[in-house]
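Here is the structure we will look at, set down as structure tokens.
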Amino acid sequence: MIRSDIKALSAYHVPDSAGMIKLDAMENPFTLREDLRRQWLDVLADVEINRYPDADMAELRGKIAAHAGVDTDQVLLGNGSDEIIQMILLSVCTGACVVPSPTFVMYDLISHWLKRPVATVPLSADFQLDADQFLQVCAREKAEVAFLACPNNPTGNLWPEATVQKIAEGFDGLLVIDEAYGPFSERSHTHLLAKNVMILRTFSKLGWAGLRLGYLIGEAEQVAHLNKVRMPYNINALTQASASFLLDHFNIFEQQAANIRAERERVMAGLSCMGGVETFPSQTNFVLLRVADADTVFEQLKQRGILIKNMNSARGLLANCLRITIGASSENDAVLTALEEILI
Ligand SMILES: Cc1ncc(COP(=O)(O)O)c(C=O)c1O
């Protein structure tokens with residue numbers, strides 16, 4: 001009944017974080033201000049949950065489009081950007097998907113669910129991407145689609161603009177530039193938009209992870225095609241109402257992102273002073289570091305009530321690497337203090 005390759009998979013594992021300082025999933029640590037929370041609840045109270053949600057979401061797409069500086073018909077909404085990755089991989093012609101390695105796991109995972117071959121292009125030891133090599137692999141594999149997370153997860157770095165531009169101009173399949181960490185990075189890629197270049201974004205890292213809302217920007221004609229494989233009513237009524245309300249208060253989230261960027265620099269400075277820690281540049285809301293024994297450090301942090309992400313099992317370039325999400329100031333202090341104790 002069930003395909004053997006699906007049987008062989010493990011379900012996406014989310015570790016139990018009850019009662020812990022949670023720095024494993026690149027969430028925004030700040031909760032909604034009390035006055036805003038009350039206004040938001042008033043908005044939610046008016047949502048008619050007996051009715052299906054707005055299917056076309058023209059108003060919400062319009063607000064997001066205005067925020068992104070594009071037209072409404074250039075915007076496609078997904079239940080998280082994960083769902084949009086799935087829509088893309090469902091719609092693009094049969095043919096390989098090319099991604100750097102390491103990168104965000106869902107490009108590879110969803111490709112495999114859909115029986116699409118995946119070719120990877122290894123990053124260098126300092127996590128740089130060779131555009132010529134990437135394009136060679138795309139040509140060799142007759143690739144139809146490629147994903148570039150800019151900045152990249154889990155490495156945290158942003159490849160130079162010239163690298164991304166060279167790939168955008170040299171690849172004739174669909175290139176998806178995933179800007180999940182755009183709010184924490186120094187540049188965006190909207191100027192590279194073309195018939196075969198799309199930009200993927202999410203509100204998850206900006207403080208709305210629980211709402212599940214991502215969006216794709218592309219040329220209107222291409223977006224209209226992708227929209228045909230969107231599940232009807234994929235964005236529920238509570239998320240639609242919440243997003244519309246929160247977009248009117250977007251400056252709060254932009255300020256929080258600025259705060260997180262400043263905290264990232266503080267954490268990075270703290271880590272750089274510690275013996276036995278190698279840090280890597282980050283343009284995201286997390287930092288990647290390498291220690292002598294990541295498994296032990298991870299477990300000892302857990303014993304102290306701090307949950308981060310252990311990347312060691314991926315081996316290769318990520319051997320002995322740990323990924324720490326930037327949290328609130330006190331949480332960052334806690335992880336720095338704990339690491340100082342552990343690494344003595
Ligand atoms: C690069 C990248 N893209 C997309 C996502 C998915 O985000 P969401 O489905 O929450 O919108 C993530 C989540 O970690 C990510 O790191």
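Both ligands and their constituent atoms are indexed starting at 1 by order of listing.
Residues Pro183 and Ala257 come closest through the heavy atom pair O-CB, 4.0 Å.
A salt bridge links Arg212 with Asp82: the distance from a Lys NZ or Arg NE/NH1/NH2 to an Asp or Glu carboxylate oxygen falls below 4.0 Å.
Side-chain atoms of Glu179 come within 3.5 Å of backbone atoms of His189 as a donor-acceptor pair (strictly under, hydrogens ignored).
In terms of protein heavy atoms, atom 1 (C) of ligand 1 is closest to Asp178 OD2, 3.5 Å. Considering only non-hydrogen protein atoms, atom 14 (O) of ligand 1 sits nearest to Lys205 NZ, 2.8 Å. The shortest contact between atom 12 (C) of ligand 1 and any protein heavy atom is with Phe104 CZ, 3.3 Å. What sits closest to atom 9 (O) of ligand 1 on the protein, heavy atoms only, is Arg212 NH2, 2.9 Å.
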Which atom pairs, one a donor and one an acceptor, fall under 3.5 Å between side chains of residues 126-133 and the rest of the protein, sequence neighbours left out?
from, atom 1, to, atom 2, distance (Å)
Asp126, OD1, Ser124, OG, 2.5
Asp130, OD1, Asp132, N, 3.0
Asp130, OD1, Gln133, N, 3.1
Asp132, OD1, Lys166, NZ, 2.9
Asp132, OD2, Lys166, NZ, 3.4

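No N or O atom of Tyr107 sits closer than 3.5 Å to an N or O atom of ligand 1.
Under a cutoff of 6.0 Å and an axis angle of 45°, Arg323 and Phe286 form a cation-pi pair.
Near Ser204, meaning under 4.0 Å from any of its heavy atoms, are these atoms of ligand 1: 8 (P), 10 (O), 11 (O). Of all atoms in ligand 1, numbered sequentially from 1 with element shown, those under 4.0 Å from a heavy atom of Gly80 are 9 (O), 11 (O).
Residues His112 and Val118 have side chains in contact (heavy-atom distance under 4.5 Å, counting atoms from C-beta outward).
At least one heavy atom of Tyr181 sits closer than 4.0 Å to an atom of ligand 1. Ligand 1 lies out of reach of Met106, whose nearest heavy atom is not under 4.0 Å from it. In this structure, Gly214 falls outside the shell of residues with a heavy atom less than 4.0 angstrom from ligand 1.
With 3.5 Å as the limit, one finds no donor-acceptor pair spanning the side chains of Asn234 and Asn79.
Applying the ring pair (Phe, Tyr, Trp, His ring centres under 6.0 Å) test to Trp159 and every residue at least two apart in sequence or in another chain returns nothing.
Looking at Ser81, Gly182, Cys150, it is Ser81 that brings a heavy atom closest to atom 8 (P) of ligand 1.
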